[in-house]
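Below you will find the structure I want to go over with you.
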Amino acid sequence: MHVIPLVSTPDPARNAKWAFSTRRVPRDRVAGLGPVTSAIRSGDVILGRVDRIGSHRRIQLASGRPAELYEGDFVVLACGARYAPDQFEGVAEIDPDGTDMLAGGGVLGRMRARHARMATPTRVVPLGLLRDDAGAAINLADHALAERPRPSSGLTVIGAVGASMNAGKTTAVASLAHGLVRAGYRVAALKATGTGAFGDFNAYVDSGAQVVADFVDTGMVSTYGEPLERIETGLETLLGYAGAQGCEVALIELADGVFQAETAGLLRTSGVRDGFDGILFAAPDAASAVGGCAVLRDMGIEPDVVTGMVGCSPLATLEAESAGGVRIVTKDTLADPAGAGAILAEIRGKGGVARKDRAA
Amino acid sequence: MLMPSPPTPFDPRHACIGVTRADTDTHLVWRPGRGARGLSCWIALPPNVASSLDTEARPLVAVHGIHRGARAQAKGFAARAGIQQRIVIAPLFDAEAWPRYQQVVRKGRADIALLELLRDLHVYGLVPTERVDLFGYSGGAQFAHRFAMLHPQRVGRLTLSSAGWYTAPDDGAFPYGLGPGTGGDSAWGPRLAARLDEFLRLPITVAVGARDDVVDQNTRSNKVLDQTQGRTRVERAARWVAALDRAARARGLSDPDLRHELLPGCGHDFNDCLTRGGLAALVLPDSAN
């Protein structure tokens with residue numbers, strides 16, 4: 001493999017704006033650039049130049065802060081897909097003449113669809129794939145956590161799913177994590193599916209959770225289009241990592257809504273579904289709360305906690321609870337050490353997410 | 001609470017934990033609450049705390065009654081705790097911020113105030129373990145058992161003395177039982193109920209003076225309470241322990257660690273219970289950890 005040596009001054013790769021999705025890649029591994037070819041894989045790390053500012057005016061840096069983007073900036077991002085109903089849908093393909101910044105967290109690919117309110121993506125000219133001194137393309141998976149299973153005991157696993165994007169899943173997970181930490185538990189806040197970005201990650205860090213990690217830590221820039229087996233392995237690794245760090249509770253968010261392909265696929269996988277001790281469901285409104293719970297029940301899952309944006313509205317809460325079969329829990333209750341402790345005790349006491357009729 | 005005289009030679013750790021005054025003879029130090037809802041406390045430190053504190057031993061949190069004698073709590077257990085190289089933390093729930101601290105979840109959220117105090121002290125290494133041993137006298141015993149029912153994961157050993165009344169492990173409306181209360185109380189009973197299994201697994205000792213059988217002005221009395229719990233502290237302690245035992249066995253806990261102790265010759269007086277009744281040995285048994 002031919003490797004184009006990097007010039008030493010200035011060093012465009014090392015001095016570029018490295019996106020959050022590339023946070024695990026050590027800078028000193030970079031020895032040069034290779035050509036962008038059709039053989040590119042999701043997770044390959046790319047040096048690019050910002051060609052035209054579009055919808056993303058900022059990039060989320062590996063350091064955890066947002067940075068303004070300017071045309072001409074050198075950036076380091078990962079090739080990947082994205083599924084975001086209120087932003088972009090795109091795939092892990094790179095056009096050597098110019099490609100799309102699909103997510104501010106650092107995902108480059110080809111946009112296939114966008115929400116009506118979204119401007120066209122920021123365009124990036126790919127300058128090359130980052131390669132090491134052996135000529136190997138650098139991929140996020142090279143720096144992932146080592147695969148490991150979840151602990152056989154001692155870790156209560158609570159899944160968090162939602163009716164849609166922006167239903168309140170992350171707020172719910174962060175609130176519950178905060179309440180449990182204040183109550184004295186050692187908590188992991190994890191995200192098993194989605195697109196690499198620091199919004200949720202930072203929200204988890206801010207909650208006080210002792211361990212925070214997501215699918216990027218298992219080598220995926222995005223889980224959209226990834227085989228379920230790989231996502232499932234990543235989920236197990238995150239739980240294994242949480243257990244190794246001494247966590248007693250793992251809260252693990254699945255992105256988007258229950259109709260999203262990978263989220264639905266995981267929930268229908270018995271090994272995943274039955275591996276949850278409890279399920280937290282977030283909904284934006286009353287109809288979503290009632291309808292989403294019905295969808296989950298069809299999957300054989302009885303949600304333990306229904307929360308989300310619906311809980312911000314007393315009227316929406318009343319509507320949902322009047323419709324039957326749903327009890328709405330507010331984020332304040334989740335964040336209260338007594339409320340969080342009671343929810344954890346109820347989940348631990350009932351023995352899994354399976355509906356009684358399915359279990360019977 | 002008087003300033004000591006002559007000035008106290010401070011342990012270097014005192015400055016770190018925010019101590020403002022100390023008594024040389026008892027190794028008591030006073031830590032004022034920090035922040036808008038910070039809980040003040042007296043702390044009884046073993047001699048030469050920096051070198052002798054047993055970092056594996058659970059601290060004792062001792063909660064005062066409605067006369068708010070926090071210093072007496074710390075002083076009362078200081079000697080025995082010092083021998084065990086354990087510290088005693090005696091929080092002061094002042095009447096303005098926590099007027100009904102006994103019921104834990106009322107104005108000021110006394111439970112959260114204690115959790116936050118423990119977190120502060122954990123920063124300084126004075127609360128090295130996840131759990132503390134919890135004791136309460138009279139109104140403090142009310143606080144202690146409700147705190148333990150709400151946060152059993154933070155309690156190692158629970159000892160109560162001379163509580164006026166109790167939250168029973170039944171369906172009565174909170175705070176009398178674990179059922180939904182009315183209005184703003186609706187969530188608390190079920191929250192305690194959710195933790196009942198964990199609570200019933202704790203070692204629990206319930207003590208009361210053998211002569212504490214007089215209904216006084218501080219003894220809550222109403223028809224329901226008197227019928228279900230009895231009229232005096234002696235009756236109520238016995239009935240509550242029996243109720244815990246039934247609740248534990250109904251949940252399949254065949255050998256709950258429950259003790260009921262009558263303190264000989266004692267009325268409703270903390271110092272009497274301590275000196276004559278042998279309360280310190282119940283709170284800080286030799287095999288405490």
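Being a predicted model, the structure only gives us computed values, none of them experimental. Every chain is numbered from 1, with letters handed out A, B, ... down the list of sequences.
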Quick one: do B/I112 and A/R182 satisfy side-chain contact (heavy atoms from CB on, under 4.5 Å)? Show the steps, please.
CA-CA 8 Å; B/I112 290 181; A/R182 287 184 83 190; 3.0 Å; yes
For B/Q153 and A/A183, indicate whether the former's side chain and the latter's backbone hold a donor-acceptor pair under 3.5 Å.
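Yes.
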Please, which pairs that meet side chain to side chain donor-acceptor pair (under 3.5 Å) have at least one residue in residues 313-329 of chain A, sequence neighbours excluded?
none
Might you point out which heavy atoms bring A/A345 and B/A194 nearest each other, and give the distance in Å?
CB-O, 3.1 Å
Let me know if B/D111 has heavy atoms under 4.5 Å from chain A in its side chain, its backbone, both or neither.
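When you check distances to chain A, only side chain atoms of B/D111 fall under 4.5 Å.
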According to the side chain to side chain donor-acceptor pair (under 3.5 Å) rule, which pairs have a member within residues 332-343 of chain A, sequence neighbours left out?
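Residue pairs with at least one partner in residues 332-343 of chain A: A/T330-A/T333, A/T333-B/R191, A/D336-B/R109.
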So, taking the atom named CD in B/E130 and the one named CD in A/E248, what distance separates them when rounded to the nearest 0.5 Å?
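Output value for this atom pair is 6.5 Å.
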Would you indicate whether B/D170, at its atom CG, is surrounded by more than 12 heavy atoms from other residues, nucleotides or ligands within a distance under 6.0 Å?
yes
A quick test of your reading: do over 12 heavy atoms of other residues, nucleotides or ligands sit less than 6.0 Å from CD of A/Q245?
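Count over threshold, so yes.
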Taking side chain as C-beta onward, heavy atoms only, is B/R119 less than 4.5 Å from A/V181?
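Yes; the side chains approach each other to less than 4.5 Å.
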